[in-house]
Amino acid sequence: MKHIARKRFGQHFLVDGSIIEGIVNGIAPEADDQMVEIGPGLGAITNPLLARLKHLTVVELDRDLVSRLRTNPQLTVIDQDVLRVDFRTLASSGLRIVGNLPYNISTPILFHLLDAVDVVKDQHFMLQKEVIDRMVAAPATSAYGRLSVMLQWRYDMENFLHVPPTSFDPPPRVDSAMVRMVPKANPPAVSFARFSEMVQVAFSQRRKLLRHTLGVWLANQGYSGDFDLRRRAEEVAVDEYLALHQALPPGTRSPPSDMG
Ligand code: SAM
C-alpha cells in the first residue's frame, strides 16, 4: 500500500538514486559497523546500507512505517521518539549514527546526541543546508552562533554533499545538505551545563556588546579576569569561549558533567 507522507513527522522521502549513492558512499559502511539510522522512513538509505552491513538498528516513530520495517530480519526496530532513546544503551563505543533527519526537530536531536557523544564514532546527517551552515560557521560571520560553538567544541564537522529539493518526495521548501560529524579525540574537560549557559547568555542579544550580557553573567560567577567584553558574541572564537569557561572560578550553580 502506498504510504502518504506525514507532515507532522517531517516526512520528505529521498527518491534521487545518485544522491542516495553519494550519501551511502560518504558514510562508507563496513559489514561489522554498529550503526543506527534515525528515521528510516521507506528505506531509501536503509536498504543500500543493509546491502553493505550485517545488521542495522533503526529508530522510527511512525507506526505504519514501523510495521513495514519489522518484516526485515536484518533490522532491529526501535519504535520510539528519537529524543527519548538513550543512545548510550546501544553501544559502549564505536557507534555510527546516520539519518535524513526530520527537520522540525533537527536541532533538539543534535543536542540530545551530545549526551551520548563519548560512545559515538561518527554521525552523518541530512539537514537543512542553512542549519549546516550554522553548525560549521566561522567566527565573525552571520551564521556563527550558539549552534556553531556548542557543536564545534566537541565535533569536527564538514558539509560533504549538497542536496536540492527535487531529490525528495514531497520536496521540502529549502535546500538540504549532508554533514559529517566526528567527535574530537581529546576534548577539553567541560562542565556542559555551565558552558552551555555561558554560550546561551553570550548570544542572547547578539547585536549588543558582550559587557551587557556575558559581562553581567561573568560578574555573577565571580569572574574577575581580563576577557575582552568590548566585542559581540560572534567575534569570539570557540577556543576563546572554552578558555573563558576553564578560567571561571569553581561553580556552585551548575553541577559538573562528564561531557568531556
Ligand atoms: N530516511 C527516509 C528517507 O531518506 O527517505 C525518511 C526521512 S524523513 C525526512 C524523516 C523520518 O524520520 C521519517 O521516516 C519520520 O517518520 C521519522 N521521524 C520523524 N520524527 C521522528 C521522531 N521524533 N523519532 C523518530 N523518527 C522520527
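In what follows, residues are counted from 1 in the order of the sequence shown. All ligand and atom numbering here is 1-based and tracks the order in the structure.
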Fill in: For Glu240, salt bridge (charged side-chain N to carboxylate O under 4.0 Å, His left out) partners two or more places apart
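So Glu240 forms a salt bridge (charged side-chain N to carboxylate O under 4.0 Å, His left out) with Arg231.
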
Worksheet item: Who passes salt bridge (charged side-chain N to carboxylate O under 4.0 Å, His left out) against Asp16, sequence neighbours left out?
Response: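 Result, salt bridge (charged side-chain N to carboxylate O under 4.0 Å, His left out) vs Asp16: none returned.
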
Item to complete: Report all protein residues having a heavy-atom distance below 4.0 Å to some atom of ligand 1; order the list by chain, then number.
Response: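 Only Phe9, Gly10, Gln11, His12, Phe13, Leu14, Glu37, Gly39, Pro40, Gly41, Ala44, Val59, Glu60, Leu61, Asp62, Leu65, Gln80, Asp81, Val82, Asn100, Leu101, Pro102, Ile105 have heavy atoms that fall under 4.0 Å of ligand 1, ordered by chain and number.
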
Fill in: Distance-only side-chain donor-acceptor flag, His245 / Ser191, under 3.5 Å
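Absent: no donor and acceptor within the cut-off.
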
Worksheet item: Do Gln221 and Arg194 have a side chain donor and acceptor closer than 3.5 Å?
Response: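 Yes, Arg194 and Gln221 have a side-chain donor paired with an acceptor closer than 3.5 Å.
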
Worksheet entry | Pair listing, ring-ring contact (aromatic ring centres under 6.0 Å, His included) test, anchored in residues 115-141, at least two apart |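 Sorted result for residues 115-141: His124-Phe160.
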
Discussion item. For the residue pair Arg146 and Phe195, would you count it as a cation-pi contact if the rule is NZ or CZ under 6.0 angstrom from the ring centre and within 45 degrees of the ring axis?
Written reply: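 Checked: cation-pi criterion not met.
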
